[in-house]
There are 2 protein chains.
Amino acid sequence: MPRTRAGRAPLSRDRVVEAASDLADAVATGRLTMRLVADRLDVEAMALYRHVADKDDLLDALAERVVERLNERAAQLDPPAPGTPWTGVARERVLAARQVLLRHPWAARQVHERGTMGPATLRWFDDLSAVLFAGGCSADLVHHAVHALGTRAIGYNAELLDVAPPGEEEGQDMLAAMAAMSQTYPAIARMVGEISHDASTALGWCDDQEEFEFGLDLLLEGIERRRRAEAGQPAAPPGPCS
Amino acid sequence: MPRTRAGRAPLSRDRVVEAASDLADAVATGRLTMRLVADRLDVEAMALYRHVADKDDLLDALAERVVERLNERAAQLDPPAPGTPWTGVARERVLAARQVLLRHPWAARQVHERGTMGPATLRWFDDLSAVLFAGGCSADLVHHAVHALGTRAIGYNAELLDVAPPGEEEGQDMLAAMAAMSQTYPAIARMVGEISHDASTALGWCDDQEEFEFGLDLLLEGIERRRRAEAGQPAAPPGPCS
DNA sequence: ACCTGAACACCGTTCAAGT
DNA sequence: ACCTGAACACCGTTCAAGT
C-alpha cells in the first residue's frame, strides 16, 4: 500500500467519507466539522478539498453511504417463505432499514434533507417498488405507497420522479440516460411508465399534497378500523367478509 | 411606546423570536445567524443574549412559535357539521397544520428536532387527542394514533409521555405539576392515566419500536386494502359488510 | 437596566507555497 | 500530484465597559 512520507495511507474520497461517518456516529449532530474529520485522518482540513467539493458534498456522500448499508442489510435478509404476502416482505425491508438507521441517528435527517437521490437510494426504492409490483399493486399504487412508506422508512420526501428535468440537456443524452435507468431500476421505470398521466401526477412531478393526503388517509382508516375492532364490531379485519 | 435613545423600540423576547422567524422564512435553513437576527432588529448581536439564553433557546422558541400558529389556525376552523366522523375532524386539523407548516419550510424540522415539548405543542396534541377520544378511541389507541399522526403532521417524534422523569425533583412539586397538567391538557392526562400499564408501555415512556410498527402496519394494511379494491374485490371498504 | 466594543475560540474555504 | 501554512470572512459567545 502506497504511503506518504509521513507514513500514512493516502487519502481517498472513500476514506474521507468513512471517517466522517464514524465521527458523525460519535459526535452530536451538527458538531461535525471539516477540521474534525481531517484530524481523524491525521491530515490538515484543507487536504479534504482534494476529495470532496465542499462540506455539502461530504454530507451528501454520507447519506448515500448509509443507504448503501441499508441495501447490504436488505441483501442479507432470508428470502421470504413461499406464500408470504407482499406486505410481510415490505415490512421486513422497512424494519431492516430502520434497524440500520437507528445505529446512525444523524442519517435519517441527512437522507431526508438532501435534494437529490444517489444510486444507492434509487436502488433501495427500486427494490421496494419491485416488492409492491410483485404483490400485484398498480403503478399508481406503487407510487403512492413508496411515498407513504419511504418518508417513514428512510425519511425521503423530495420529488420522487424528479429525475432530471428535460431542458438544457441534449435530448439524445436524456433518452440514453433514461434507457440506462430503466435497465438499472426496472421497477421505478415501470412505475413511471405506467402511472396514470391523466391524474394530477405528470411525468417527472409528484403532487406533494396528494401524497401527503394518501398517507394520512391510510393512517386514519387504519386507526378507525382498530377502533371498530376494539368496540367489538368485527369490521372485516383482513379478508373480504370471509 | 418607550424608546431607546437611538429611536428604536426596546428589545423583548417576542421581538427577537419574531425577527428570527421572519428571517428563517426568507433565508435558507441553517443560514440563520445571531448576527443576522440582530441586524434585522438594528442591534448588536450581543444584545440578543439578554432575551434568549443562547442560539438553541432561540431555535426552540422559534419552533414553539410556529406551533402557536397551528393552534390559532385550528381555532379558526369551522366547527364540524353534526354527524361528521372523528376521522374527518382529525383530517381537517392535520391538513390545517400542514398548510401552516408549508409556509415555514424550516419549521417542521425544527419542531421535529427539539427534545422537549412547549405549551403550544402540548396544546396541539391535547386537542388532537380530544378529537380521538370523542370519536370513541381507547387511551391506548389514542396514544398510538398520536404517534402515527403526530410525526406525519408536525414532525414530532420524541418520547410523547416523557413529561418530566420523577427523580431529583420534589415529589410534592411533581404531583402538583401533574395535577396542573391534567387541568390544562385533559385529553393527554386521560390518555396517560388510562393507558394499559401491563403492555410494554409504562407511564412516562413510549416504546419507539412499537409506535413505528403501529404506524407502518397502518400504512401497509391501507395499501393492501386499496390493491384489493383495484383488483375488483370489494374487500369491505368503510363499513362492516353493510 | 440595557446595550456596545473588543476579544476569544472557533468555523468553511482560498490560494500560493512546499515536497 | 498531493498536502500544508497562512490568511480571509465569517460564526457563537464572554465580559468589561459605556450610557
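Here is the naming used below: chain letters follow the sequence lines, and residue numbers restart at 1 for every chain. Just so you know, these numbers come straight off a predicted model, no measurement behind them.
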Among the candidates C:dG12, D:dC15, D:dA6, find the nucleotide nearest to the side-chain atoms of A:Y49. C:dG12
A:D42 CG to D:dC2 C1': how many Å, rounded? 16 Å
Could you give the CZ-to-C1' distance, from B:R35 to C:dA7, as a whole number of Å? 11 Å
What is the distance, rounded to the nearest whole Å, between atom CG of A:D39 and atom C1' of C:dC10? 13 Å
Nearest-angstrom distance from the residue atom CD of A:E44 to C1' of C:dT19: 15 Å
Nearest-Å distance for atom pair CG/P, residues A:D57 and C:dT13: 10 Å
Categorize B:M46 for me: base, sugar-phosphate, or nothing, with a 4.0 angstrom heavy-atom threshold over every strand shown. base
Scan side-chain atoms only and decide if B:T184 and B:R123 contain a donor-acceptor pair under the 3.5 Å cut-off. no
Answer yes or no for A:R98 and B:F212: cation-pi contact, defined as NZ/CZ to six-membered ring centre under 6.0 Å and angle to ring axis within 45°. yes
Under a plain distance cut-off of 3.5 Å, with no hydrogens placed, do A:E213 and A:Q209 share a side-chain donor-acceptor pair? yes
Give the dot-bracket line for DNA chain D from 5' end to 3' end: parentheses for intra-strand Watson-Crick or G-U pairs under 3.5 Å, square brackets for crossings, | for inter-strand pairing, dots for unpaired. ||.|||||...|||||.||
Please report, rounded to the nearest Å, how far the C1' atom of C:dC3 is from the CZ atom of B:R15. 13 Å
Using atom CG of A:L11 as one end and atom C1' of D:dT4 as the other, report the distance to the nearest whole Å. 13 Å
Closest-nucleotide 5' rank along DNA chain C - winner of A:R50 and A:A45: A:A45
Taking 4.0 angstrom as the limit, do A:R35 and A:D39 come out as a salt bridge? no
Starting at atom NZ of B:K55, determine the distance to atom C1' of C:dC11, rounded to an integer number of angstrom. 11 Å
Could you go through B:L32 and B:W106, starting from their C-alpha distance and side-chain angles, then the distance that decides it, and tell me whether this counts as side-chain contact (heavy atoms from CB on, under 4.5 Å)? CA-CA 11 Å; B:L32 189 71; B:W106 49 272; over 6 Å; no
Options C:dC3, D:dT13, D:dC3, nucleotide nearest the side-chain atoms of A:H51: D:dC3
Taking everything shown except A:R31 itself, do over 12 heavy atoms lie less than 6.0 Å from its CZ? no
Mark yes or no for whether B:N71, through its side chain, and B:A120, through its backbone, hold a donor-acceptor pair below 3.5 Å. yes
